[in-house]
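Counting from 1, the numbers follow the sequence of the chain as shown.
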Amino acid sequence: MHKPIKYAEKVMTVAATGAFAVFERLNRIKPNPSPTPKWSDKPLLKSYEKSKPPLGWPRSTDSLCPRCVPEIRQQILDGKLPVEVLMNEKVGEIKATIIERDGKILMVKQCPKHGTFEDVMSIDTEFSQHLEDVFPGRDIKAHNDEKLHHHGSSTVKYGRGSVLTIDLTNRCNMMCDPCFMDANQVGFVHELTWEEIKQMLDNAITIKPRRQMSVQFSGGEPTLSPYFLDAVRYARKVGYNSVQAATNGIEFAKSFEFAQQAAEAGMRYAYLQFDGIGNAANAHRKVGNLFDVKLKAIDNLHKAGVEIVPVVTIVNGINNEQVGRIIQFALDNPKKIGFLSFQPVSFTGRDEAVTDERREAQRYTLSHLAHDVKTQTGLGEPARDWFPISFMGTFSDWADVMHANDAKNDWGQLSCGCHPNCGTGMAVMIDKETKEAVPVTAFLHGDQLAKDIAKVNDGARSKFISVVGMALCLMKNYDPFKSPTHFKLIDLLRKFDKNYNATGKDYGKVGPDRSIDDVMKRRNDRWNFLFIAGMWFQDLFNYDFRRTEQCIIPYATQEGEISFCAYNTGVGWRNIIEKMHMTATLTKWYEEHGRHEIFAGGKNVKMEAEDHNLVLREGIVTMEEQHDLDKLGIAKNSREEKLRARDAKQAEARGPKKNDAAYDARMASLYREVVLKEKPVQSENGFIPLGALMKPAAPKPEVGEPVLGD
């Protein structure tokens, strides 16, 4: 039954190839000038007008010293330096070189005061080269933005972003590692007032190009803010069609009614912290039943009409083994999960002072992710099926041209114009009925498709001609024999129509007037376009200002809008701004408001019920924590490092033990072998020679390094 259809579709693809050749030649004749839509004061860019940062390697860029920056930041916090120094001087900045060595890509930099630093950017040069090769270029320069973008070297310069982030509070009902903002640990509360929230949302829509169709309320835990629901409601009112919450899900798991209230207020997506399958896989968060909480939160939110995006902070040695299990969980539940966001660890917040040993052991890159997906699930080829998130900019450009003259076109198409080193993704088409899953670029030639669409865009033709051009592009690059068994060419065309509103067909509204009926209508689709994304936020060890200036997820603050990485890492604007606009000290806050409940130390969350309708196959549930770092003798988090540093100081204060020269020599030998990876010295009969034992011990490790025997 299916083969005749596939052969017929193959004939159509051949015909479309010929038709596009004619279309493309005609489209090159006297192309129209790029239109200037209402949401921009500058015309849309043609593909050849887009600029690109320096790419490839070796290349030089501007970075930061991991030791200078915390020192300077502390001087600002202590009042010894004015905050204006960050706008007027290049404090803590040093040059960095991105090079290839031993099949890896590294960032290497040297500070005159603190010496040399290097870190891994990628473990697969072919993968990284592919990402940079298909990068379409930067977005339109931001304009009408002077009042909000004024942060010196950290200033956002291109585009309008895709998701505006607003931290409603720095309070959280968890206390876990890693944590961008060091929640519950900074000694004061920073919580936005209702007037501040409205002002930030109002300010945001003054910048052009106005592409920012999404706003994400974050924290801390945003649901702890008394204005959470009001903020969601107001964001929809001013025009954001995608309102999100970055949440641990506890409040949504505890109450279905609260999930309903959020949906009714206009919340469309829950970016749900999700570290693995099973309570053991989430044990590092120190909540006894955290995975049960996630399942109940997903169930409640989905039932209420909110879409769920599991957000996975991946730490090598902690939960990298969970990549395949999480994807399998999504494949098993295609009606409830349509997007996965993996976020390789960024050593910031509580982890900014990470030791070199732990950083090297826990470092995880986008290339690690692509290979783990391939190894653990069999899905995708890293250098074929993974693309930079900015790759979708070509499709956004097509939609912008198509809708440029629409009467109600007040917002540009969502455009993720970030640097190719920032984010990557692979799209998988899933049959909701059979659960069959195939990477989209296995049956749709992604590289060539983007090149063809760029040619359509450059003609800047009418809406009708643009739609015809896109249809031909899709048809000519489609391989029916590699698509899912029941998938048809018409399904592909409908998917694009649904996402970009090409024909005007009603698939269910997504705008401010969206209802639960619209939600259910959009869900009534046999095919789930699962996007597996990787977003790698910078830290001081791999910081690149060329990435910062293209940021697509800026933070709205009382001091303007700041790049995600410049705010959370970089020079650390978060620390400074939250201190500048501190609501109250913790002591005063507790006196006036009382203490909110915090789940830590293995404490369980009490829920009304724990039942759910998710598919959870036993084979993917993790029954014990990952022990890679235990075997290496490396701390798992900042708390363990602090404990080890304390123990090391106490041991040093006690002084050397009597008659323990042989013991110290043995420990030094183990340290060289396990931590420094030196081969042990052995004699022919396998015993360590006495002379080797009497060699000087290895240099005493720095504070925070694992000390064997303590």
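- Smallest separation of non-hydrogen atoms from G249 and A297: O-CB, 3.5 Å.
- Considering CG of L379 and CD1 of I532, their distance stands at 6.0 Å, rounded to 0.5 Å.
- Under the 3.5 Å distance criterion, the side-chain polar atoms of T569 are left unmatched by any main-chain donor or acceptor of L540.
- For H371 and F127, the gap between ring centers reaches or exceeds 6.0 Å.
- Using a distance-only test at 3.5 Å, with no hydrogens or angles considered, a donor-acceptor pair links the side chain of T622 to the main chain of I277.
- A ring-centre distance under 6.0 Å is not found for F339 and F529.
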side-chain hydrogen bond (donor to acceptor under 3.5 Å, both in side chains) between T355 and E641, intermediate numbers included: CA-CA 8 Å; T355 60; E641 282 186 330; 2.7 Å; yes
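- Looking at H302 and I308, their side chains come closer than 4.5 Å, going by heavy atoms from C-beta outward.
- Atom OG1 of T377 sits about 9.5 Å away from atom CG of D372, to the nearest 0.5 Å.
- Ring-plane geometry between F545 and Y543 is classed as perpendicular, the angle between the planes exceeding 60 degrees on a 0 to 90 degree scale with a lower cut at 30.
- Between K113 and E71, at least one side-chain nitrogen of the basic residue sits less than 4.0 Å from a carboxylate oxygen of the acidic one, meeting the salt-bridge criterion.
- Between V571 and S154 there is a side-chain heavy-atom pair separated by less than 4.5 Å.
- Salt-bridge check for R359 with D351: failed, with every basic side-chain N at 4.0 Å or more from each acidic carboxylate O.
- In this structure, the separation between CD on Q110 and OG1 on T116 is 3.5 Å, given to the nearest 0.5 Å.
- Looking at N604, its side chain does come within 3.5 Å of a backbone N or O of N289 through a donor-acceptor pair.
- Taking the charged nitrogens against the carboxylate oxygens, E126 and R384 have no contact shorter than 4.0 Å, which rules out a salt bridge.
- Ion pairing between a basic and an acidic side chain is recognised when a charged N comes within 4.0 Å of a carboxylate O; E610 and K296 show no such pairing.
- Remark: the backbone N or O of M107 is not paired with any side-chain donor or acceptor of N542 at under 3.5 angstrom.
- Between D544 and R546, the shortest heavy-atom contact is OD1-N, 2.9 Å.
- The backbone N or O of N637 lies less than 3.5 Å from no partner atom in the side chain of K642, so there is not a single donor-acceptor pair.
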Step by step, would you call T441 with W386 a side chain to side chain contact (heavy atoms under 4.5 Å, CB included)? CA-CA 9 Å; T441 43; W386 289 81; over 6 Å; no
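- Looking only at distances, no side-chain donor or acceptor of K109 sits under 3.5 Å from a matching main-chain atom of F117.
- Between E640 and K636 there is no salt bridge, since no side-chain nitrogen of the basic residue lies less than 4.0 Å from a carboxylate oxygen of the acidic one.
- A salt bridge links R59 and E132; the closest N-O separation between the charged side-chain nitrogens and carboxylate oxygens is under 4.0 Å.
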Show your working on side-chain hydrogen bond (donor to acceptor under 3.5 Å, both in side chains) between T348 and S346 and close with a plain yes or no. CA-CA 6 Å; T348 187; S346 170; 5.2 Å; no
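- Other residues, nucleotides and ligands place more than 12 heavy atoms under 6.0 Å from the NZ atom of K374.
- With a 4.5 Å cut-off on side-chain heavy atoms, E352 and D539 do not count as touching.
- Atoms CG and CD, from L331 and E436 in turn, are 11.5 Å apart once rounded to the nearest 0.5 Å.
- With a 4.5 Å cut-off on side-chain heavy atoms, C418 and C551 do not count as touching.
- Ionic pairing of R101 and E118 is present here: one or more N-O contacts between side-chain nitrogen and carboxylate oxygen are shorter than 4.0 angstrom.
- Checking side-chain atoms of S60 against main-chain N and O of T97 turns up no donor-acceptor pair under 3.5 Å.
- Nearest heavy atoms, I389 versus C416: CG2-CB, 3.3 Å.
- The pair D299-K336 meets the salt-bridge criterion, since a charged nitrogen lies less than 4.0 angstrom from a carboxylate oxygen.
- Exactly one residue among Q362, Q626, Q376 makes a side chain to side chain donor-acceptor pair (under 3.5 Å) with N320. That residue is Q626.
- Using a 4.5 Å heavy-atom threshold, the side chains of T548 and Q550 count as separate.
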In sequence, state the C-alpha distance, the side-chain angles, and the governing distance for L632 and E357, and then conclude on side chain to side chain contact (heavy atoms under 4.5 Å, CB included). CA-CA 10 Å; L632 293 171; E357 287 75 20; over 6 Å; no
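- The two residues Y269 and V306 have their closest heavy-atom pair at C-CG1, 3.9 Å.
- Counting only heavy atoms from C-beta outward, the side chains of L340 and F342 approach each other to under 4.5 Å.
- Using a distance-only test at 3.5 Å, with no hydrogens or angles considered, a donor-acceptor pair links the side chain of N282 to the main chain of G276.
- Using cut-offs of 30° and 60° on the angle between ring planes, the pair F564 and Y555 is tilted.
- The minimum heavy-atom distance between S128 and I105, with the atom names listed, is CB-CD1, 3.6 Å.
- In terms of modelled atom types and a separation under 3.5 Å, the side chain of H612 and the main chain of N300 share no donor-acceptor contact.
- Judged by the 6.0 Å distance and 45° axis criteria, K603 is positioned over the aromatic ring of F599.
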Begin with the C-alpha distance, continue with both residues' side-chain angles, and end with the deciding distance and a verdict on side chain to side chain contact (heavy atoms under 4.5 Å, CB included) for F291 and L616. CA-CA 12 Å; F291 183 63; L616 186 64; 3.9 Å; yes
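- Using a 4.0 Å cut-off between charged nitrogen and carboxylate oxygen, K435 and D332 do not count as a salt-bridge pair.
- Distance alone, capped at 3.5 Å, is enough to place a donor-acceptor pair between the N279 side chain and the L290 backbone.
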Step by step, work out the side chain to side chain contact (heavy atoms under 4.5 Å, CB included) result for T125 and W57. CA-CA 10 Å; T125 56; W57 48 84; 4.2 Å; yes
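- Atom SG in C422 sits 11.5 Å away from atom CG in L131 (nearest 0.5 Å).
- Remark: D647 CG to K649 NZ distance equals 11.5 Å, nearest 0.5 Å.
- Salt bridge present: R574 and D167 bring a charged side-chain N and a carboxylate O closer than 4.0 Å.
- Side chains of V309 and L272 form no contact here, defined as non-hydrogen atoms less than 4.5 Å apart.
- S390 pairs by the side-chain hydrogen bond (donor to acceptor under 3.5 Å, both in side chains) definition with nothing, not counting sequence neighbours.
- Using a 4.5 Å heavy-atom cutoff, the side chains of F252 and V293 are not in contact.
- Between D275 and N319, the closest heavy-atom pair is O-ND2, 3.1 Å.
- Between K254 and E251 there is a salt bridge, since at least one side-chain N of the basic residue sits less than 4.0 Å from a carboxylate O of the acidic one.
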Walk me through whether E221 and T223 qualify under side-chain hydrogen bond (donor to acceptor under 3.5 Å, both in side chains). CA-CA 6 Å; E221 172 54 41; T223 58; 2.7 Å; yes
